[in-house]
Amino acid sequence: MKIIMLGAPGAGKGTQAKKLAAKYDIPHISTGDIFRANIKNGTELGQKAKVYMDQGLLVPDELVVDLVVDRFKNPDCEKGYVLDGFPRTIPQAKALDEALTKNGDSIEYAINVEVPDSNIISRMAGRRACVNCGATYHLEHIPPKKENECDVCGKGLILRDDDKPETVEKRLNVYHEQTQPLIDYYQGKGVLFEVDGTKDMDEVFTDIVNLVEV
Ligand code: ADP
Ligand code: ADP
Ligand code: ZN
């Protein structure tokens, strides 16, 4: 099963992608997580990506595409994967198509998680991520069982630097300009599916499962 999650920053792509990955036993591939891991480990890629991420800008396509295409070579991708945060531009989508077509593959579901901009700022302000395992929570909507402690691994939770309101606004603009056109792109390919991301996390998940299991 090859799935792409589309949607604004904070729409709930990561939350749903993790649930899909667990249910269907496929890897969750988040380019944002890959960049953050590289930053944490001080790699050259991390240093380059950080400059853009801190400003709420997209990392240049040439730093992203090979990374993802290489990741597909891992045996865990044999049954498929759920892509979260990639592709984010039309050139990335085209590069992905090209790489897949070479192997006679294609994306089966591009799921657009719809959340209006007015909800996004509070989604991001309340988002907390585990410093260790990347699990995400929301202070009001999806709180951890113990304050400031990850349910999964017990480590601390932080507000991402780029989730501060000034940067979120910038990221939303970037989303509308560069990523939203992907909705039409995948619609044109006949693989676009939409879900209402303002519903409760579990309801959104049920809606997605109903889409991919028909
Ligand atoms: P969110 O979960 O809020 O949508 P991500 O974790 O996916 O954010 O991405 C964080 C940042 O990493 C982005 O703002 C961007 O700078 C960079 N990034 C992640 N994926 C991509 C990509 N496919 N292309 C370009 N930049 C990316
Ligand atoms: P994205 O990957 O699209 O940037 P996340 O999955 O990280 O988004 O979700 C953004 C924030 O909103 C997180 O704090 C998350 O816990 C919370 N969240 C996710 N889904 C929902 C939902 N259906 N209702 C309320 N809050 C949600
Ligand atoms: Zn954790």
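Atoms within each ligand, like the ligands themselves, are counted from 1 in listed order. Computed from a predicted model, the values in this text were never measured in an experiment.
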Quick look: Ile142 vs ligand 2, heavy-atom contacts under 4.0 Å, and the answer is side chain

If you scan protein heavy atoms around atom 26 (N) of ligand 1, the nearest is Val59 N, 3.0 Å

Protein N/O/S atoms closer than 2.8 Å to the Zn ion (ligand 3), ordered by chain and number, come to Cys130 SG, Cys133 SG, Cys150 SG, Cys153 SG

Under 4.0 Å between heavy atoms, the region of Lys199 that gets near ligand 2 turns out to be backbone

Candidates Lys19, Arg123, His138; heavy atom nearest atom 21 (C) of ligand 2 found on Arg123

Short version for Val174: what comes under 4.0 Å of ligand 1, heavy atoms counted, is neither

Taking only non-hydrogen atoms of Arg36 and a 4.0 Å limit, the atoms of ligand 1 in range are 6 (O), 10 (C)

ask   = Parallel under 30°, tilted from 30 to 60°, perpendicular over 60°: which one fits the rings of Phe72 and Tyr81?
value = parallel

Query raised in the report: Under the 3.5 angstrom rule, does the side chain of Lys79 hit a backbone N or O of Pro27 as a donor-acceptor pair?
Result: no

- Task: Give yes or no for whether the N/O distance cutoff of 3.5 Å, strictly under, is met between Asp84 and ligand 2.
- Result: no

ask   = Is there a nitrogen or oxygen of Phe35 sitting under 3.5 Å from a nitrogen or oxygen of ligand 1?
value = no

* Contact check: Gln16 vs ligand 2, nitrogen or oxygen atoms, below 3.5 angstrom -> no

protein heavy-atom neighbour closest to atom 24 (N) of ligand 1 works out as Gln92 NE2, 2.9 Å

### Task
Examine the side chains of Asp117 and His176 and answer whether a donor and an acceptor come within less than 3.5 Å of each other.
yes

In this structure, atom 9 (O) of ligand 1 is nearest to the protein heavy atom Arg88 NH2, 3.5 Å

For Thr15, the ligand 2 atoms with a heavy-atom partner under 4.0 Å come out as 5 (P), 6 (O), 9 (O), 15 (C), 19 (C)

Atom 23 (N) of ligand 1 sits nearest the protein heavy atom Gly85 O, 2.8 Å

- Do any nitrogen or oxygen atoms of Pro9 come within less than 3.5 Å of a nitrogen or oxygen of ligand 1? no

Looking only at protein heavy atoms, what sits closest to atom 12 (O) of ligand 1 is Met53 CE, 3.4 Å

With a cutoff of 4.0 Å, is Ala11 in contact with ligand 2, counting heavy atoms of the residue only? yes

TODO: Evaluate the salt bridge (charged side-chain N to carboxylate O under 4.0 Å, His left out) criterion for residues Asp163 and Arg171: first the C-alpha distance (whole Å), next the side-chain angles of each, then the deciding distance (0.1 Å), finally the verdict.
DONE: CA-CA 9 Å; Asp163 278 352; Arg171 287 165 65 200; 2.9 Å; yes

Going by the 4.0 angstrom heavy-atom rule, the piece of Asp200 near ligand 2 is backbone

Note: Met5, heavy atoms under 4.0 Å from ligand 1, region reported as neither

Going by the 4.0 angstrom heavy-atom rule, the piece of Ala17 near ligand 2 is neither

ask   = Do Asp162 and ligand 1 have an N or O pair less than 3.5 Å apart?
value = no

Margin query: With the threshold set at under 4.0 angstrom, would you say Ala129 reaches ligand 2 through any of its heavy atoms?
Written below: no

*Would you say Arg127 has any N or O atom under 3.5 Å from an N or O of ligand 1, going by distance alone?*
yes

Honestly, for Lys170 the part within reach of ligand 1 (heavy atoms, under 4.0 Å) is neither

Check: Taking N or O atoms only and a 3.5 Å limit, does Gly126 qualify as a polar contact for ligand 2?
Finding: no

The protein heavy atom nearest to atom 16 (O) of ligand 1 is Leu57 O, 2.6 Å

Closest to atom 20 (N) of ligand 1 among protein heavy atoms sits Thr31 OG1, 2.7 Å

Please determine, by modelled atom types, if Tyr185 and Asp97 share a side-chain donor-acceptor pair under 3.5 angstrom. yes

Among non-hydrogen protein atoms, atom 3 (O) of ligand 1 lies closest to Arg171 NH2, 2.4 Å

Near Gly14 (heavy-atom distance under 4.0 Å), the atoms of ligand 2 are 1 (P), 2 (O), 6 (O)

